[in-house]
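The structure under discussion appears below in the form of structure tokens.
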Amino acid sequence: MNVMQLTETIGVAGQIGLEQVPEIAAAGYKVLVNNRPDGEDPGQPGSADIQAAALAAGLEYHHLPVTAMNFPGPDVARMTGLFDDDSRPVLAFCRTGTRCANLWVVTRAGAERVQAEERARALGYDLGMAARVPSP
């Protein structure tokens with residue numbers, strides 16, 4: 001699992017395996033966010049299985065699926081709240097981490113969004129999805 005730290009309390013990753021959920025909890029994350037729709041790729045673990053593993057590991061779990069077609073999706077306000085809560089470190093994952101990084105960028109406003117864009121680009125993320133969403 002390759003976690004990219006966007007901030008001290010926000011990490012993003014590509015698809016995780018069920019066996020990695022305890023590692024995520026051991027790394028200090030408190031919240032696990034799944035931004036993938038179920039069935040996006042053959043063989044990906046389903047949300048219910050990931051939720052069970054997350055709860056068993058003591059993690060709060062949220063399934064907030066987003067696609068390129070519906071980005072930033074109907075749950076962007078919930079993502080904002082999760083990203084804004086520094087008391088509960090968040091690991092968000094999708095297929096590659098790109099959607100999650102784009103979601104983080106669009107949940108930032110003003111100068112903070114500019115800094116988020118710079119950070120995400122420095123980590124190698126394509127911000128094409130975020131570019132379509134005006135800053136709040």
Side-chain angles (χ1 to χ4, degrees):
M1 171 178 50
N2 188 18
V3 175
M4 302 298 272
Q5 284 301 130
L6 301 176
T7 71
E8 288 183 24
T9 60
I10 300 170
V12 298
Q15 179 64 56
I16 63 166
L18 297 176
E19 71 283 354
Q20 295 171 314
V21 174
E23 296 171 31
I24 293 165
Y29 293 100
K30 303 296 182 199
V31 179
L32 183 61
V33 179
N34 177 357
N35 289 130
R36 291 194 83 182
D38 276 344
E40 187 174 48
D41 283 327
Q44 89 186 53
S47 178
D49 292 333
I50 297 170
Q51 180 177 22
L55 295 177
L59 294 169
E60 181 180 324
Y61 177 78
H62 298 269
H63 185 216
L64 306 174
V66 177
T67 67
M69 300 298 288
N70 76 346
F71 186 86
D75 297 309
V76 70
R78 286 179 61 197
M79 285 297 301
T80 302
L82 293 169
F83 285 151
D84 285 349
D85 187 351
D86 291 338
S87 70
R88 300 177 318 153
V90 173
L91 178 66
F93 73 92
C94 57
R95 187 171 55 84
T96 66
T98 299
R99 269 176 281 186
C100 301
N102 275 266
L103 280 166
W104 174 63
V105 167
V106 301
T107 64
R108 308 298 90 195
E112 191 178 354
R113 179 162 174 166
V114 172
Q115 291 171 343
E117 290 170 348
E118 290 171 359
R119 174 70 179 150
R121 279 194 190 99
L123 292 171
Y125 288 109
D126 175 346
L127 298 180
M129 287 182 275
R132 301 186 320 237
V133 179
S135 183

Members sharing Val90's hydrophobic cluster (side chains within less than 4.5 Å):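 Met4, Leu6, Ile10, Val12, Val31, Val33, Leu64, Val66, Phe71, Val76, Met79, Leu82, Phe83, Leu103, Trp104, Val105, Val106, Leu123, Tyr125, Leu127, Met129, Val133, which link up through side-chain heavy atoms under 4.5 Å apart, make up the rest of the cluster.
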Verdict with reasoning, Lys30 to Glu60, per salt bridge (charged side-chain N to carboxylate O under 4.0 Å, His left out): CA-CA 6 Å; Lys30 303 296 182 199; Glu60 181 180 324; over 6 Å; no
Spell out, as yes or no, whether a donor-acceptor pair under 3.5 Å connects the side chain of [X] to the backbone of [Y].
X	Y	answer
Asn102	Thr98	yes
Glu112	Ala109	no
Asp84	Arg108	no

Non-hydrogen side-chain atoms of Tyr29 and Thr9 separated by less than 4.5 Å: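 Side chain of Tyr29 against side chain of Thr9, heavy atoms only: no contact under 4.5 Å found.
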Pairs touching residues 35-44 that satisfy side-chain hydrogen bond (donor to acceptor under 3.5 Å, both in side chains), sequence neighbours left out: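 Found Gln15-Arg36, Arg36-Glu40, Arg36-Asp41, Arg36-Gln44, Glu40-Arg99.
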Whether over 12 other heavy atoms sit under 6.0 Å from Arg95 CZ: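 Not more than 12 within 6.0 Å, no.
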More than 12 heavy atoms of other groups within 6.0 Å of Glu8 CD: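 Not more than 12 within 6.0 Å, no.
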Rounded to the nearest 0.5 Å, what's the gap from [atom1] on [X] to [atom2] on [Y]? Could you check?
X	Y	atom1	atom2	result
Glu117	Ser135	CD	OG	8.0 Å
Leu91	Gln5	CG	CD	8.0 Å
Ile16	Phe93	CD1	CZ	4.0 Å
Tyr61	Asn34	OH	CG	3.5 Å
Thr7	Asp86	OG1	CG	6.5 Å
Arg113	Glu118	CZ	CD	13.0 Å

Least distance between heavy atoms, [X] atom then [Y] atom:
X	Y	result
Ala92	Cys100	C-SG, 3.6 Å
Pro37	Thr67	CG-CG2, 3.6 Å
Ala57	Pro22	CB-CA, 4.2 Å

Single-linkage hydrophobic cluster Leu55~Leu32, side-chain heavy atoms < 4.5 angstrom: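 Cluster IDs for Leu55 and Leu32 differ.
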